[in-house]
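Have a look at the structure below before the remarks.
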Amino acid sequence: MNRPQPNEYPAWAETYISKVDGDILEILEEQVFSIPALFETNKEKENYAYAPEKWTLKEMLGHIIDCERVFAFRMMCFARNEMQHLPGFDEDAYVANAHFGERNYEDMIQEFSTLRKANLYFYKSLNDAELNRKGTASEREISVKAILFISAGHVNHHVSILKERYHVV
């Protein structure tokens, strides 16, 4: 699958799309295993935040899970030719209201893996027409294919932060 072109997404999305290099479906499938392994290996740090007012490792995982759901929903809506504009979301408010600190870390690790596996069935079912459909989310037009790349790139973005600031291995 070709990368989305700049006219398929808003400028902010380049941050994530630029972090995807290779076959998008292979990357998404690889993350099913690499992301749980990364969080599992660092479970002693689940409540660690690298600075005051920054998310803990557990909250970061919760944010990744939330975004996986939001991105998949947007892709489904636009692939099905939804004409309604979809709202944006405030990631900080989502984390603040999600009580991730009270959740079981192991369950959250499995939740990401299970959610991504389920989403992959949907992603693989998309044909070219569906991948190229566009819709409006957060007041910006975006294609299904661009959101697919954002989904993988968003995870890669947070893996970089985890390695640089949380010192995960």
Less than 4.5 Å apart, any side-chain heavy atom of [X] and any of [Y]?
X: F39; Y: Y105; result: yes
X: M60; Y: T56; result: no
X: Y166; Y: W55; result: yes
X: I109; Y: I35; result: no
X: P6; Y: E14; result: no
X: L148; Y: M1; result: yes

**Message:** Looking at K43 and E40, is there a salt bridge between them, counting it only when a charged N and a carboxylate O are closer than 4.0 Å?
**Reply:**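 Judged by the 4.0 Å cut-off on N to carboxylate O distance, E40 and K43 do form a salt bridge.
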Taking all heavy atoms of [X] and all of [Y], pick out the closest pair and write down the distance.
X: S151; Y: Y123; result: OG-OH, 4.1 Å
X: R74; Y: P87; result: NH2-O, 3.1 Å
X: S143; Y: N132; result: CB-O, 4.3 Å
X: V155; Y: I64; result: CG2-CG2, 4.0 Å
X: F89; Y: V70; result: CE2-CG1, 3.5 Å
X: V95; Y: F100; result: CA-CE1, 4.1 Å

In chain order, what residues pass the side-chain hydrogen bond (donor to acceptor under 3.5 Å, both in side chains) check against [X], with sequence neighbours excluded?
X: Q31; value: R116, N156
X: T41; value: none
X: R133; value: none

**Request:** Measure from the ring center of H154 to the ring center of F71 and say whether it is less than 6.0 Å.
**Result:**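 Here the rings of F71 and H154 have centres that are less than 6.0 Å from each other.
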[atom2] on [Y] to [atom1] on [X], rounded to 0.5 Å:
X: D92; Y: E53; atom1: CG; atom2: CD; result: 10.5 Å
X: I142; Y: I147; atom1: CD1; atom2: CD1; result: 4.5 Å
X: I27; Y: K19; atom1: CD1; atom2: NZ; result: 13.0 Å
X: M76; Y: L126; atom1: CE; atom2: CG; result: 11.0 Å
X: I24; Y: F149; atom1: CD1; atom2: CZ; result: 4.5 Å
X: L61; Y: N42; atom1: CG; atom2: CG; result: 11.5 Å

Donor-acceptor pair, [X] side chain versus [Y] backbone, under 3.5 Å?
X: E130; Y: N127; answer: yes
X: K45; Y: H167; answer: yes
X: S18; Y: T15; answer: yes
X: E102; Y: H99; answer: no

**Prompt:** Between H158 and H63, how do the two ring planes meet: parallel, tilted or perpendicular, split at 30° and 60°?
**Reply:**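 Plane angle over 60°, so perpendicular.
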Are there more than 12 heavy atoms of other residues, nucleotides or ligands under 6.0 Å from atom [atom1] of [X]?
X: D107; atom1: CG; answer: yes
X: D21; atom1: CG; answer: no
X: F73; atom1: CZ; answer: no
X: N7; atom1: CG; answer: yes

Do [X] and [Y] sit in the same hydrophobic cluster, where Ile, Leu, Val, Met, Phe, Trp and Tyr count as joined when their side-chain heavy atoms come under 4.5 Å apart?
X: V168; Y: M108; answer: yes
X: V159; Y: Y48; answer: yes
X: V20; Y: W12; answer: yes
X: Y16; Y: I161; answer: no

**Message:** With salt bridge (Lys or Arg N to Asp or Glu O under 4.0 Å) as the rule and sequence neighbours excluded, what pairs involving residues 134-156 come up?
**Reply:**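 Counting only pairs at least two positions apart or across chains, the salt bridge (Lys or Arg N to Asp or Glu O under 4.0 Å) contacts touching residues 134-156 are K134-E141.
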**Request:** With sequence neighbours left out, write down each residue that passes salt bridge (charged side-chain N to carboxylate O under 4.0 Å, His left out) with E29, or none if nothing qualifies.
**Result:**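 Listed in chain order: K124.
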**Request:** Output, in order, the C-alpha distance, side-chain angles, deciding distance and verdict of salt bridge (charged side-chain N to carboxylate O under 4.0 Å, His left out) for R69 and E111.
**Result:** CA-CA 11 Å; R69 284 193 168 94; E111 182 179 358; 2.9 Å; yes
**Request:** Mind running side chain to side chain donor-acceptor pair (under 3.5 Å) on S34 and E30 for me, showing each step along the way?
**Result:** CA-CA 6 Å; S34 66; E30 184 273 333; 3.0 Å; yes
**Item:** side chain to side chain contact (heavy atoms under 4.5 Å, CB included) between L115 and I65, intermediate numbers included
**Value:** CA-CA 8 Å; L115 184 59; I65 292 167; 4.0 Å; yes
**Request:** Just jot down the ring-ring contact (aromatic ring centres under 6.0 Å, His included) partners of F122, sequence neighbours excluded, or say none.
**Result:**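 F122 satisfies ring-ring contact (aromatic ring centres under 6.0 Å, His included) with no residue once adjacent residues are dropped.
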